[in-house]
Every structure is written in structure tokens, then in C-alpha cells.
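Both ligands and their constituent atoms are indexed starting at 1 by order of listing.
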Amino acid sequence: MAVRLGLTNVASLGPRKALLPVRLPSLLSVPAPDRYPSHHRHFYTSLSSTISPLQLVRDFSQSQITMSASASDLSPISTYAKELAAAKKAASLAARLCQMVQAEILQSDVQSKADKSPVTVADYGSQAIVSFVLDMELSSGPFSMVAEEDSEDLRKDSSKEILSRITELVNDTLSTDPSFCNVILSEEGILSAIDKGTSEGGSSGRHWVLDPIDGTKGFLRGDQYAIALALLDEGKVVLGVLACPNLPLASIQNTTQNVGESGCLFSAIVGNGAWMQSLDEGSSPTKIQVTSTDDPVDASFFESFEAAHSLHDLTSNIAKKLGVKAPPVRIDSQAKYGALARGDGAIYLRFPHKGYREKIWDHAAGYIVVTEAGGVVTDAAGNDLDFSKGRYLDLDTGIMATNKKLMPSLLVAVQDSIKEQQQSASLL
Ligand code: AMP
Ligand code: MG
């Protein structure tokens, strides 16, 4: 029997997740129009008259490209502190938009549940918000983002209604933040923000990596999902933020039901550890660590809720070989990485069906949260994950994560199980 973790009804959303917007902590103290360079202030006025797409924001950027190079001798925390604040703000606002849409889905009748357009609205809306907020908050250098969505389908005549709904939702969400309460994005501004995510990434320069809703199946079911945002610098993940609106703040170890408040924001900067705080206003981060267990008997493991995303037979065999006694905890999205990073479980196993190519946005944020919490994330051969190859991760067979003590025996169990699986396949 596997353990399933998720929301079961709208009532469990609690007061913070009601449809009314809740104010997020303001990370900046000066009123909005004065905080941005004069060029950004121009964007504000242009936006108010709804003529301007995002291009206006960026045409000053070339003059400021030197900033990241001159910052390279600073410590990691001071190098990326501004980026982290912007990423937290972007992911928290996107989470708010997603929460509003998920609450609507859960309240809708059975017939409209079959309609997948709410998830489309939330996906595009989340990407537009993250792109816009990062662009507004960070004025240093060219902006590159590798993200799941682009605006091609949204530009079709058949998508007019959806685009209008996304625009309304994005503007409503932005208006809940004091920094953006004067902003009104036009439909073209939304499309333009979404298309900032079409970068190919790679091994040089900085690239943001975004999954606007990781775990859309869980999102639709009312279960776990995450807004996953990371920053690559010269091909390495240097910063990550995971907003998990439905993940309980308390440990989910040995629980089959949601307990207490939910809504977690995980964050990490390379060399500065991993942190977790509530998505609520005014929360402060606390440092988190992976479990220190070295005995597989005490270990429990996470895997995808969806059998189509990971081979449950193979993972069950791996767990058996390792001596794991507890049933798998099946949850959607990179919330698994967050839960692992704070020690709710000891192992994460992900073995997709043959031929599936993993995308960097499905792992970048989770990877740095786990590694900064003292864990290890590798492919099935024990290699580190390489995020520098573009939009895909080219890796051997699957992904696993655990603490440093358990990794050697996990690697043996994984390789033995894969060998057995290959041998039985060759006998067929
Ligand atoms: P999870 O919720 O951990 O099962 O993973 C969710 C992510 O799996 C989604 O964001 C998709 O990008 C990705 N995904 C989609 N199809 C597959 C597949 N066939 N195998 C593995 N992962 C997939
Ligand atoms: Mg995803």
C-alpha cells in the first residue's frame, strides 16, 4: 500500500487559501515607482495606458551587463541575495494565482472538472507573473529564462477568452502586492512576458529555469504541485525556490492525512544551505537538513503519484533490495524534493518509462534545495545532474536523491534492480 498525500476538499484550504487575496510580505520598503530605474518607471506609465509589452523594460540592459562579472568575487549569499529575494517574491505571487485557480477547480461541478482550461490558465498565468516580477525586480544584465510554456497557442483566435481570463487573473494577483499595485499588464504584455521563457539555456551566462506549475495532474486532482524556479550561472544551479502551496508545514512522515497549516516556500543559494518558510505574510526562514539516517530500515521513500511518470515496480524492487520497510509515499511535483530536504523521508526515486527525456525545469530547483540541505542527487549511474546542456537533462535511466550515508547502498540496489529488469526483459 502506498501513502497518498494531498488535499481532499476545499475546506482544508483554510482561511489563508480562501479566494480573497492575501497580502504577501513586502520585501522592499520604498514605494514602487521610486524603487525602479527611471526606465522601469516609464514602463509603469506605459502599462497604465496598456500599450506596452515587456520589450520596453529591457532595452537599457546592455549597459549593465558588467554587474555579474564584478560581483564574482563576492560570497555566494551576497552574489545572489537580490536574485533570491526576487525569486521568492515571484514564486509566492505565482503560488497565490495558482491557489485561486485550484480553489475554483475544486469547487466546480463534475462536468467542468473535465475541462482542462483552468490548468492552462494557471500555467500561463504563473509563468507570466514570474517572468514579469523577475524582470521588474532585477535590472542587471540581459534576461534569459528557460520555461515550459510559450505563447503560440494563446495567440490563436480560439484562445481569446482564455487570454482575457489570464490577463485578469495576473493583474488581480499583482494588485495584491504593494510593489505592483499600480501595474496593469495588457494582453500583449502577458504574451510577451510568457515568451521570455523561450531561452535554450546552456553552459554560459545566467538563465532562469521555471516550471510554472510542476505536477499539473496533482494540481487538477487538488493534491500537491509546485512553482519551481532556479537560476543557472555558467551551467550550474546556484539558486532555487520551490513554492508548494499544499504541502503541510509540519513533517509528512508517517501521515496519511493533512495535519495543520500548509503552504511551504523552500529556498537555497549555493554554499548557503537550504531554508524553509511558510508562504504566509511575514514568515521567516528556518534552516533545513536531510535526514541523517544510515539504516535503510528506518528510511522511507518518495516517488511520483502518477505511475506513468515513474516505474513503481522497479522502485518497489529497489526499496526491497535496500531493506526499506515503509510503503512508498507518492506525491506529485518537486514537493518531493522539498519534503526530502527537510527530512520527512530519506529517499526519492524517479525512473520514467523508456524514452522519456527529463527537462531541466522539473529538477533544477529541487536539486539545489536537496543538495544544500546536505543531500545528493544523481542519475541511476551515480553521476551528478548536468543542467548545462540546454532544455533537457541527458542522463542515465533515472534520478535518485538521498543523504550521503545512504547513497552508496542505494546506488548498488538501483544498479542491481536495473540489471534484473533488463535480464527479465531480454527473456521475453
Ligand atoms: P511528478 O509529479 O513528480 O510525477 O512529475 C511531474 C512532472 O513529470 C511534470 O511536470 C512533467 O513535466 C513530467 N512528466 C510528464 N510526462 C512524464 C513521463 N511520461 N515520465 C516522467 N515524467 C513526466
Ligand atoms: Mg513539471
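Closest to atom 2 (O) of ligand 1, if we only count protein heavy atoms, is Ser333 N, 2.6 Å. Atom 12 (O) of ligand 1 has as its closest protein heavy atom Asp362 OD2, 2.7 Å. Of the protein's heavy atoms, Tyr356 OH, 3.1 Å lies nearest to atom 14 (N) of ligand 1. For atom 3 (O) of ligand 1, the nearest non-hydrogen atom of the protein is Lys336 NZ, 2.5 Å. The shortest contact between atom 8 (O) of ligand 1 and any protein heavy atom is with Arg350 NH2, 3.0 Å. In terms of protein heavy-atom proximity, atom 19 (N) of ligand 1 is nearest to Ala308 O, 3.4 Å.
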Decide yes or no on side chain to side chain donor-acceptor pair (under 3.5 Å) for Glu358 and His363, but give the supporting numbers first.
CA-CA 8 Å; Glu358 295 278 10; His363 300 282; 2.8 Å; yes

Audit row: Lys217, Asp223, salt bridge (charged side-chain N to carboxylate O under 4.0 Å, His left out) steps and yes/no:
CA-CA 8 Å; Lys217 295 223 162 91; Asp223 289 345; over 6 Å; no

Worked verdict on Arg206 versus Asp233 for salt bridge (charged side-chain N to carboxylate O under 4.0 Å, His left out):
CA-CA 4 Å; Arg206 286 186 178 191; Asp233 197 347; 3.4 Å; yes

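By heavy-atom distance, the residue among Gly366, Gly215, Ser304, Ala335 lying nearest atom 1 (P) of ligand 1 is Ser304. Looking at His309, His363, Glu358, it is His309 that brings a heavy atom closest to atom 6 (C) of ligand 1.
Using a 4.0 angstrom heavy-atom cutoff, Glu303 does not count as in contact with ligand 1. Heavy atoms of Gln334 come nearer than 4.0 angstrom to ligand 1 in no pair at all. Every heavy atom of Gly218 sits 4.0 Å or more from the atoms of ligand 1.
For the pair Asp332 and ligand 1, the shortest N or O to N or O distance does not fall below 3.5 Å.
Checked against a 6.0 Å centroid threshold, the rings of Phe387 and Tyr367 count as neighbours. Checked against the 6.0 Å centroid criterion, the rings of Phe180 and Phe132 qualify as a close aromatic pair.
No part of Thr216 comes within 4.0 Å of ligand 1, judged by heavy-atom distances. Residue-level proximity to ligand 1 for Glu306 is absent, since no heavy atom of it falls below 4.0 angstrom.
In summary, the atoms of ligand 1 found under 4.0 Å from a heavy atom of Asp211, numbered by their order in the structure, are 10 (O). The contact set between ligand 1 and Asp214, taken as ligand atoms under 4.0 Å from a residue heavy atom, comprises 6 (C), 7 (C), 9 (C), 10 (O).
Under the 4.0 Å criterion applied to side-chain N and carboxylate O atoms, Arg221 and Glu306 are assigned as salt-bridge partners. A salt bridge does not link Glu148 to Lys359: none of the charged side-chain nitrogens sits closer than 4.0 Å to a carboxylate oxygen. Taking the charged nitrogens against the carboxylate oxygens, Lys405 and Asp295 have no contact shorter than 4.0 Å, which rules out a salt bridge.
In this structure, Arg330 fails the cation-pi test against Phe305, since its NZ or CZ atom is not both closer than 6.0 Å to the six-membered ring centre and inside 45 degrees of the ring normal.
In terms of distance to the Mg ion (ligand 2), the nearest N, O or S atom of Asp211 is named OD2.
Between the OD1 atom of Asp362 and the OD1 atom of Asp214, the angle centred on the Mg ion (ligand 2) amounts to 90° when rounded to 10°.
Counting only N and O atoms by type, the side chains of Glu303 and Ser310 include no donor and acceptor under 3.5 Å apart. With hydrogens and angles left out, the side-chain atoms of Asn246 and Ser262 include no donor and acceptor closer than 3.5 Å.
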